[in-house]
Amino acid sequence: MNRSRRPSHFPVTRCPSRAATPARLTAGVAATAVLSAVITTAIGAGTADATPGGCAPVTAILVPGTGETSATANPAQPVGLLATLGNGLAGRYGGDVDVRYLPYPAAAAPYASSESAGVQALSSMLGGLCTGTRVVLAGYSQGADVVGDVASAIGTGSGAISASEVAAVVLIADPRRDPATARLGDDTGGQGVAGPRSAGFGSLTERVRTVCANGDLYCATSPQNSPAWTALGKAFTGEGTNTLPAASTTTGGDLDASTIARQVVVVASGLAQFASGLPTLLGDLAALPGAIVAGNIPEAHRLAGEINTSFSPLVGLADQADLDLVARALELAAPMDTSGTTAIAAQIVRILARTDLHRVAADIGTAQEIAWRATEKLAAGDLLGAGIDLVGMVPVAADLAAIAAQALTGTSGSGSSLASVLTDNPDTSSALTDLARQGNDAAAFYLSGVHQTGYDSTLPAVLDWISTQIDHAK
């Protein structure tokens with residue numbers, strides 16, 4: 001979520017590069033109008049106010065979250081949630097701090113490649129810093145993912161700079177938050193949705209702090225209480241062996257984690273409701289042709305109504321979700337969910353994705369209309385008209401039975417049937433109920449907006465802690 005923040009301009013000093021990098025500002029360059037255009041595109045150029053021959057004692061690199069920046073953004077322009085932090089550092093330290101905002105894709109999808117590009121961009125910027133400057137790193141959301149990965153590499157000896165050069169690292173709403181890492185602000189349970197970094201932060205551990213707002217499932221998901229959503233998070237961020245698809249098969253547009261999760265929420269709730277009515281549905285489908293042949297108009301009317309009620313959760317979710325995409329997402333996440341919930345849901349949704357649920361809805365609607373019309377004629381004493389109408393339900397019932405047979409009983413040879421999956425596995429009902437519970441938790445999280453608005457009150461504490469680290473490093 002983009003935030004509208006007032007830009008703040010402040011003087012910063014510029015450092016000679018530790019390696020040959022694109023032009024750094026000097027007093028001569030700053031005074032030369034011909035080269036001023038080059039300055040704006042220099043990598044890591046920061047602001048245009050440079051101190052001749054100087055090197056800022058502190059370089060703060062802030063990495064914005066998803067959608068808050070781009071690969072071509074101006075690194076000197078304060079953006080997003082971290083603008084408050086950057087402006088605060090500039091206000092406290094003036095020219096002693098060089099504040100930069102990392103340009104990188106910050107794309108919602110494909111997330112894994114965007115985050116990887118951010119890691120490369122941050123490593124490159126760090127490698128171009130002058131020697132002697134102390135580094136502060138801070139990231140929000142996807143930016144925290146980027147900073148955390150880079151800090152882990154630095155702390156374990158494989159980063160672009162040495163750990164001794166880093167004064168502080170702050171990870172806000174980190175999707176890979178480790179509950180063992182020291183925190184600022186809320187005492188939040190759980191861990192990042194993608195799971196903690198296996199390598200940890202090594203020698204940087206004591207200089208790393210995390211911030212996670214209560215209720216933010218990106219950084220506070222419990223794999224015990226929400227195994228399916230944890231698995232989906234790992235798949236989306238590429239932390240598992242597979243990565244979720246970035247595009248919908250029906251829309252062709254990019255989908256972010258929240259969009260995919262919302263669709264899974266819809267499907268999970270619909271499946272749980274549908275499963276509870278499955279025995280009645282199977283019985284009604286079997287009885288409908290007999291009622292039609294027997295000319296039992298009231299019974300045919302009743303059965304058509306019950307079939308509509310039983311199928312409505314599936315028809316509703318087909319209208320709101322791309323079932324093929326949801327099935328793919330669940331299939332990729334299933335190996336990372338040891339509870340088995342995701343695997344069961346994946347199998348069910350895959351069967352539904354092969355079923356023409358809109359055709360089912362059309363058949364049910366037609367059957368109900370015919371049955372209602374026949375019932376009215378029967379009540380009016382028009383037995384012949386009622387019988388003729390009922391005959392018209394024969395092909396509709398046959399088509400409905402064929403589609404239902406394919407999905408529910410697998411008689412068409414399409415593989416596993418929905419009925420067998422839902423009834424043969426005693427854990428299915430509880431698994432779907434639990435998936436729906438997890439889905440409701442996720443839905444409440446997205447509606448709350450805590451990921452976007454839950455950190456403003458914590459930023460002053462973050463600024464104070466970073467300032468303490470900077471002062472201690474002097």
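As a basis for the values below, the full set of heavy atoms in this structure was taken, side chains included, without hydrogen atoms, waters or symmetry mates. For clarity, every value in this text was computed on a predicted model and none was experimentally measured.
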Got a salt bridge between Asp174 and Arg183, using NZ or NE/NH1/NH2 to carboxylate O under 4.0 Å?
no
Scanning both residues in full, the closest heavy-atom pair of Ala304 with Ile364 reads O-CG2, 4.4 Å
So do the side chains of Ile154 and Val169 get within less than 4.5 Å of each other, counting heavy atoms only?
no
- Message: If you define the side chain from C-beta out and look only at heavy atoms, does anything of Arg177 sit under 4.5 Å from Leu171?
- Response: no
Is the shortest heavy-atom distance from the side chain of Leu122 to the side chain of Tyr104 under 4.5 Å? no
Separation between CG (Leu137) and CD1 (Ile466), nearest 0.5 Å, reads 9.5 Å
Exercise for the section: Determine yes or no for a side-chain-to-main-chain donor-acceptor pair under 3.5 angstrom, with Arg373 supplying the side chain and Asp389 the backbone. Expected result: no
If we ignore hydrogens and angles and just use 3.5 Å, is the side chain of Ser312 paired with the main-chain N or O of Thr309 as donor and acceptor? yes
Q | Residues Leu323, Val267; criterion side-chain contact (heavy atoms from CB on, under 4.5 Å); working and verdict | A | CA-CA 8 Å; Leu323 291 175; Val267 172; 3.9 Å; yes
ask   = With a 4.5 Å limit on heavy-atom distance, are the side chains of Leu129 and Ile161 in contact?
value = no
**Report entry** Pair Glu299 + Arg302: basic N to acidic O under 4.0 Å
**Finding:** yes
Scanning both residues in full, the closest heavy-atom pair of Pro78 with Ala83 reads CB-CB, 3.8 Å
Sub-4.5 Å side-chain heavy-atom contact between Ser152 and Phe201: yes
Subject >> Check: Asp363 and Val360 side chains under 4.5 Å, non-hydrogen atoms >> reply: no
Review point. Given Gln368 and Trp372, is the side chain to side chain donor-acceptor pair (under 3.5 Å) satisfied, shown in steps?
Key: CA-CA 6 Å; Gln368 281 197 293; Trp372 179 257; over 6 Å; no
Looking only at heavy atoms, the pair that brings Trp465 and Ala168 closest together is CZ3-CB, 3.6 Å
So that I can tick it off, tell me whether Arg197 and Asp149 are bridged by a salt bridge, with the cut-off set at under 4.0 angstrom between side-chain N and carboxylate O. yes
**Asked** Side chains of Pro64 and Tyr140: closer than 4.5 Å at any heavy-atom pair?
**Response** no
